[in-house]
Protein chains: 4
Amino acid sequence: MTTPRTPDSTRRSERSRRAILDAALELVGETGYQKLTIEAIAARAGVGKQTIYRWWPSKASVLLDAFLALGEDAAQGEYELPDTGDLEADLKSVLRATVDELNSPVYDAPARALAAEGVVNAELGAQFVSLVLEPQLQLYVKRLRAAQEAGGADPGIDPRIALELLVGPLAHRWMLRTLPLTHEYADAVVELALRGIAPR
Amino acid sequence: MTTPRTPDSTRRSERSRRAILDAALELVGETGYQKLTIEAIAARAGVGKQTIYRWWPSKASVLLDAFLALGEDAAQGEYELPDTGDLEADLKSVLRATVDELNSPVYDAPARALAAEGVVNAELGAQFVSLVLEPQLQLYVKRLRAAQEAGGADPGIDPRIALELLVGPLAHRWMLRTLPLTHEYADAVVELALRGIAPR
Amino acid sequence: MTTPRTPDSTRRSERSRRAILDAALELVGETGYQKLTIEAIAARAGVGKQTIYRWWPSKASVLLDAFLALGEDAAQGEYELPDTGDLEADLKSVLRATVDELNSPVYDAPARALAAEGVVNAELGAQFVSLVLEPQLQLYVKRLRAAQEAGGADPGIDPRIALELLVGPLAHRWMLRTLPLTHEYADAVVELALRGIAPR
Amino acid sequence: MTTPRTPDSTRRSERSRRAILDAALELVGETGYQKLTIEAIAARAGVGKQTIYRWWPSKASVLLDAFLALGEDAAQGEYELPDTGDLEADLKSVLRATVDELNSPVYDAPARALAAEGVVNAELGAQFVSLVLEPQLQLYVKRLRAAQEAGGADPGIDPRIALELLVGPLAHRWMLRTLPLTHEYADAVVELALRGIAPR
DNA sequence: AGCTAATCGAGACGGTACGTCACGTCTTTAG
DNA sequence: CTAAAGACGTGACGTACCGTCTCGATTAGCT
């Protein structure tokens, strides 16, 4: 009988939207993802619960938006990997920066929450990958292609797989905390992987 | 005034323990981890809730035990990686088997649940690593050391890092479902990683 | 800075007013008073909620107006009780008509809703009494005074109390549905009450 | 799938039951029936909401039980109307007592709430009548029958209707507050009604 | 083999959060 | 420039589970 009713996004309150995203980030940092509740977000944001349910289907979804907003504030148009001509140096610098980001408390809590949710919830996972992860990975593809053309990498190699050799190990250590995630580790991974990627 | 009392494990009902672990595995497969509840496990197992709370501190902990039991049934003493002398062939065979396991529905749901929980819950994550993951990884270390001694791998390389070059990419694809996890991918990862690991 | 603003009743939309009253009557019949909501009335009437809040302070108040409109349509100037000179016959005819009205589905739902609200909400109750009930009761007073003057009723009796002996029992059966409300009952009440009212 | 599950009344907490009934009576007196909420009852009683929902289907139902408990405490086995041989005196004394009760703040709020709910909700109304009202009314029937046998009342009269002539007017004034409910009014009603009831 | 104490299935309890509904207010937009 | 449409903060709804707590009724290990 009563249709689900899609809300009118032109009437949306930007004020409330920001307050919700900010509150979500704050709370996930303070209490962790498991204890993060929609009610707490609403209370902290000074917003009715319905205003959250009107625009997002789940708390994971709120957090994804909050994380994207966080990224946009920070990124400020950094849509390229450095290309100094020295592939090894460039990759080391990028992976070291990634290590720093993953170790930074601001990114850590929401990123873990989203990654964990994505592991278990395919739909959210797909969004996380397409909105957050894949754009990053494409930068590697581009940089590796450039290296192949410049003769710094074996042209027979699939850059997609090469990139996973670089990123996979970092992700592995970060997600399950098997061993500490350091600059030295990033360097070691780059060195080892490049021995496989280098022209024969 | 009565002490918190630790339960007497000699009197523990093996019947109930099995029923609980089985129910947990069934339910995590049917409804997913988020919707898995202690009450549902108790009901399915025909057991009082207290019997679960008496022996486990959380649902993640129940699931970890259930997953370990699942592994023990299957493993049957396979505590070695094959060593035919051909490192590449051996690794391909092992990683292909891992791919099959990760793609199998029986392992997938509980393994994802535990991995996700471990991402976000450091304590459970540590248990997962030490009980499930690390024993597996040590097999790689052992095999790689053997290869180094036999001259099939560069002795200057840290086997721990080498192994992560093999396992990290697989884990990455599995956890976030970026791209399909296939035998071909396993082969490609082994080939590329071995170019880095091989003696110079 | 704008004053609370009293609405300008000359600009009021008669179209909306009727649609709201009609919708209120329809809905109270369909779903009952408890489930009657301002939002549903507005939706059914094709009217904004604010148009209701502008003109009425509560849903009970809307319903009171709707009920009054209903009465005006029906009454068409029947502002007298019949006076054939036979008090007993006149009262029986009036009370039988009242029984029919109370048993009619159209009047029943809104009348019950208002009566119930009036029981518990003194303000609305006072309005209900002064606008709906008291005018009716005054007709009885007038008819009984006429009978006293004509010698058909004891002049020593307070007509106000006499009337309540007639109306009270009907109201009692109707409100709490203790026993069926029939013409026979109306007749029996009139006969018994008149034995008390008659001249000695 | 999941059966509605009827709770086991032998395990019921008497402590909680009393606390809930007491809280309901207190709150209905303080804030009125409309503003009475299950949540407030639970909070005041120091009880989980589910404990209310487990045992009662609605707030009206809680209040009915609370009112019955109130009655039981007060009544202490007064299961008879006085019979001094003087019908008029006995009825006046009883109706005066009823007037006092209806005017007492302790009874007023819950009684109004239940009466109002019963007007609009047939199911609750039937319970209210059979548990609260009808037992009272039967006492009148009994007393009137005794009077008929003793020659103090016309044996041709239906006691059920006679009683409604006594009780109906009181109820009418109480429910809609048309005019004040006083001892004088009770006396006047008895006198007038008895003129109809008396032997010819 | 019988006693006795702990574990067991069951589920009521005080709570927290869920996701929904309606309230009454306020703002935006179309006629 | 009125009013429909409807987003908003608020708060109660009734439900689902949480983790704790009592209940008898089995067990299982010790006398």
Side-chain angles (χ1 to χ4, degrees), chain A residues 2 5-13 15-16 19 35-43 45-55 57-59, chain B residues 4-13 15-17 19 35-43 45-55 57-59, chain C residues 2 7-8 11-13 15-16 35-43 45-54 57-59, chain D residues 2 5-13 15-17 19 35-43 45-55 57-59:
Chain A
T2 12
R5 310 267 283 89
T6 36
D8 174 354
S9 42
T10 65
R11 291 216 193 295
R12 184 166 187 181
S13 159
R15 205 179 177 300
S16 296
K35 294 188 184 170
L36 179 65
T37 67
I38 299 267
E39 298 214 327
I41 296 172
V47 138
K49 279 198 288 180
Q50 199 57 51
T51 300
I52 299 182
Y53 285 112
R54 193 165 11 243
W55 302 108
S58 66
K59 71 172 177 178
Chain B
R5 63 153 72 258
T6 36
D8 175 353
S9 42
T10 64
R11 301 197 102 142
R12 183 168 186 182
S13 159
R15 205 178 178 297
S16 296
R17 197 187 129 269
K35 295 188 182 170
L36 179 66
T37 67
I38 299 269
E39 299 214 328
I41 296 172
V47 138
K49 281 198 289 179
Q50 198 58 45
T51 302
I52 299 182
Y53 285 111
R54 183 151 33 230
W55 302 108
S58 66
K59 72 171 178 178
Chain C
T2 28
D8 174 353
R11 299 207 148 163
R12 183 168 187 183
S13 157
R15 204 178 178 299
S16 295
K35 294 187 184 172
L36 179 66
T37 67
I38 300 268
E39 300 214 327
I41 295 172
V47 138
K49 282 197 289 178
Q50 199 57 41
T51 302
I52 299 182
Y53 285 113
R54 190 161 18 240
S58 67
K59 73 173 177 177
Chain D
T2 11
R5 311 267 282 89
T6 37
D8 175 353
S9 42
T10 65
R11 289 217 192 295
R12 184 167 187 181
S13 159
R15 205 176 176 300
S16 296
R17 196 187 129 271
K35 294 188 183 171
L36 179 66
T37 67
I38 299 265
E39 297 214 328
I41 296 173
V47 139
K49 279 199 287 179
Q50 200 57 48
T51 301
I52 300 182
Y53 286 111
R54 191 164 15 241
W55 301 109
S58 65
K59 73 172 176 178

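Reminder, nothing fancy here: chain letters follow the sequence lines and each chain counts from 1. Small disclaimer: the values here were computed from a predicted structure and weren't measured. When reading the values below, keep in mind they use all heavy atoms of this one structure, side chains included, and skip hydrogens, waters and symmetry mates.
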Using the six-membered ring of D:Trp55, assess whether NZ or CZ of D:Arg17 lies under 6.0 Å from its centre and within 45 degrees of the ring axis.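 Relative to the ring axis of D:Trp55, which defines the angle, D:Arg17 lies outside at least one limit.
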
[X] [atom1] to [N] [atom2]: how many Å, rounded?
X	N	atom1	atom2	answer
A:Ile38	E:dT16	CD1	C1'	14 Å
B:Lys35	E:dC18	NZ	P	15 Å
D:Arg12	F:dC23	CZ	P	17 Å
B:Ile52	E:dT7	CD1	P	16 Å
A:Ile41	E:dG19	CD1	P	11 Å

Return a single string for nucleotides 25-31 of chain E, one symbol per nucleotide in 5' to 3' order, where B is base contact, S is sugar-phosphate-only contact and - is none, cutoff 4.0 angstrom on heavy atoms. BB-BS--

Taking only N and O in the side chain of [X], is any of them less than 4.0 Å away from OP1 or OP2 of [N]?
X	N	result
D:Ser16	E:dG14	yes
B:Trp55	E:dC8	yes
A:Thr51	F:dA7	no
B:Ser13	E:dT7	no

Between E:dG14, E:dC8, F:dA12, spot the one nearest the side chain of B:Arg54, thanks.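 Of the options given, the side chain of B:Arg54 lies nearest E:dC8.
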
Consider the side chain of C:Glu39, meaning its heavy atoms from C-beta on, and name the nucleotide among F:dA3, E:dG24, E:dG14 that approaches it most closely.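 Nearest to the side chain of C:Glu39 among the choices is E:dG24.
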
Toward the 5' end of DNA chain F, by each residue's nearest nucleotide, B:Lys59 or D:Ala40: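 The 5'-side residue here is D:Ala40.
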
Between C:Gly48 and D:Pro57, which residue's closest nucleotide on DNA chain F lies nearer the 5′ terminus?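 First, find each residue's nearest nucleotide; the 5'-ward one identifies C:Gly48.
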
With a 4.5 Å cut-off on side-chain heavy atoms, are D:Ile52 and D:Lys49 touching?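 No; the side chains remain at least 4.5 Å from each other.
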
Quick check on C:Arg12: does its CZ atom have over 12 non-hydrogen neighbours (other residues, nucleotides or ligands) under 6.0 Å away?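 Yes, enclosed.
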
Hey, could you give me the CD/CD1 distance between D:Glu39 and D:Ile41, rounded to the nearest 0.5 Å?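 One finds 10.5 Å between CD of D:Glu39 and CD1 of D:Ile41.
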
So which heavy atom on D:Ala45 is nearest to which on D:Ala19, and how close?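 Taking every non-hydrogen atom into account, CB-O, 3.5 Å.
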
Taking all non-hydrogen atoms of both residues, which atom of D:Ser58 and which atom of D:Ile38 are closest, and how far apart?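 Minimum heavy-atom separation between D:Ser58 and D:Ile38: C-CD1, 4.5 Å.
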
